[in-house]
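Structure, as structure tokens:
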Amino acid sequence: MRKSLIGVVNKPSLYPWGRPSKDVFVSGNMVVPFKGKVVRVPHRFPVVAIGENACIDALQAKFNERLQGVKIPWLCLNATVRNLAVGFAPFVTANGYIPLTPFGQVDAVTKVWVSFFDEEHLATLDSTMPGYTRVKLNSNNYFLTLDRDGQRIDEFFIYQADKGYMTDGLSPLTAPMTQKQVFEYLQGIENITRLLPERYGHSYMAMGYKKISNRIAKNTWMYRAPNLEGEAIE
């Protein structure tokens, strides 16, 4: 699955790839602006995305493969969440990039994307997010509103990296940072730089992703445990 996903978005070095600047309706390969009314129904669940799950191409690749061509439509809407920030997970993926992850941060205000998915969508996402757990949050702790009309979303899901989020020893590494900038940060860490390629390239990073990830895991000062206050969905 991961290889075919990368075939669609094409350049891991540009992760997290393009996200919609406007609200959209998606059905199969059709993507059109959405200007209608958002009607909440019990069988659709709001999922906040910050990384690849906010990229329509990536989602289409996941659903087309895992749902065997079933064209289940969905909405992807621009939104804002408070007390939640976006950082980097403390590992390198098999495709050579360092993925994003959310973490709790008091008074943070973050632009995100909310999609409304059914159970089949959720099962697909769960199966394509290794190293992440789907967590149910509520707006009492993480105030989430749609940008279009300020509508509050009381409960929602988000995927959080199981290994937590990366820091420089004091503060989190936060988006926006490019993959090259994160690579340059890793170059400055003595026991990691020798594991890195001489210059940044996702294909070079992919060749050593296990060794780099294992070294980060041993440098416990480099990351913090997951800290979102919610219910983990197993």
Side-chain angles (χ1 to χ4, degrees), residues 1-36 38 46-67 69 71-81 84-89 92-102 108-117 121-122 124-125 127-132 134 144-148 153 156-161 165 173-184 200-203 205-206:
M1 171 59 209
R2 185 64 60 169
K3 292 298 183 183
S4 60
L5 166 59
I6 294 305
V8 173
V9 296
N10 200 30
K11 294 186 177 181
S13 59
L14 298 181
Y15 170 89
W17 312 302
R19 284 81 70 83
S21 59
K22 298 180 180 179
D23 298 345
V24 294
F25 171 85
V26 187
S27 179
N29 294 321
M30 180 185 71
V31 183
V32 296
F34 178 75
K35 298 181 180 179
V38 178
V47 179
V48 167
I50 58 169
E52 69 181 44
N53 288 336
C55 174
I56 300 301
D57 284 347
L59 285 173
Q60 286 174 322
K62 292 183 179 189
F63 296 149
N64 286 343
E65 181 166 327
R66 295 299 178 105
L67 297 180
K71 295 180 174 60
I72 303 175
W74 80 91
L75 296 176
C76 183
L77 310 177
N78 288 260
T80 300
V81 64
L84 185 149
V86 178
F88 291 87
V92 181
T93 71
N95 292 301
Y97 64 87
I98 298 171
L100 297 173
T101 188
V109 179
T110 302
K111 292 294 183 181
V112 295
W113 291 262
V114 178
S115 293
F116 292 88
F117 292 137
H121 287 128
L122 290 178
T124 295
L125 292 180
S127 69
T128 59
M129 296 294 290
Y132 282 74
R134 179 157 49 99
L144 176 66
T145 55
L146 301 181
D147 289 352
R148 57 176 24 232
I153 307 297
F156 58 94
F157 293 122
I158 195 167
Y159 288 87
Q160 173 179 239
Y165 56 98
L173 300 186
T174 56
M177 286 180 68
T178 65
Q179 290 292 302
K180 185 177 180 181
Q181 287 172 324
V182 181
F183 171 78
E184 290 170 348
Y200 174 71
H202 66 84
S203 58
M205 292 288 283

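Atom set for the values below is all heavy atoms of this structure, side chains included, hydrogens, waters and symmetry mates excluded.
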I want to check something: taking the side chain as every heavy atom from C-beta on, are [X] and [Y] in contact at a cut-off of under 4.5 Å?
X: Pro99; Y: Phe88; answer: no
X: Val38; Y: Leu146; answer: yes
X: Met129; Y: Asn53; answer: yes
X: Leu100; Y: Tyr165; answer: no
X: Val81; Y: Thr145; answer: no
X: Ile50; Y: Tyr159; answer: no
X: Pro102; Y: Val86; answer: no
X: His202; Y: Tyr15; answer: no

side-chain contact (heavy atoms from CB on, under 4.5 Å) involving [X] - partner list, sequence neighbours excluded:
X: Asp23; value: Phe34, Leu77, Asn78, Arg148
X: Leu122; value: Phe45, Val47, Phe117, Glu119, Arg134, Phe157
X: Val31; value: Val24, Val26, Ile56, Gln60
X: Ala206; value: none

message: With a 6.0 Å cut-off on the ring centroids, do Phe63 and Trp74 count as close?
response: yes
field: With sequence neighbours excluded, residues passing ring pair (Phe, Tyr, Trp, His ring centres under 6.0 Å) with Phe183
entry: Tyr200
- prompt: Can a donor-acceptor pair be found between the side chains of Lys62 and Thr124 at a distance below 3.5 Å?
  reply: no
Show the nearest heavy-atom pair for residues [X] and [Y], with the distance to one decimal.
X: Pro20; Y: Trp113; answer: O-NE1, 2.8 Å
X: Leu144; Y: Ala79; answer: CD1-CB, 3.9 Å
X: Phe156; Y: Ile153; answer: CD2-O, 4.2 Å
X: Phe116; Y: Pro46; answer: CE2-CB, 3.8 Å
X: Cys55; Y: Trp17; answer: SG-CB, 3.9 Å

Check whether [X] reaches the backbone of [Y] with its side chain - one donor and one acceptor, N or O, closer than 3.5 Å.
X: Thr110; Y: Leu84; value: yes
X: Ser27; Y: Met30; value: no
X: Gln160; Y: Thr101; value: no

[atom1]-[atom2] distance between [X] and [Y], expressed to the nearest 0.5 angstrom:
X: Ser115; Y: His121; atom1: OG; atom2: NE2; result: 9.0 Å
X: Leu173; Y: Gln181; atom1: CG; atom2: CD; result: 10.5 Å
X: Glu52; Y: Asp57; atom1: CD; atom2: CG; result: 12.0 Å

task: Could you go through the side chain to side chain contact (heavy atoms under 4.5 Å, CB included) check for Thr80 and Asp147 one step at a time?
output: CA-CA 7 Å; Thr80 300; Asp147 289 352; 2.8 Å; yes
task: Apply salt bridge (charged side-chain N to carboxylate O under 4.0 Å, His left out) to Lys22 and list each qualifying residue two or more places apart in sequence or on a separate chain.
output: none
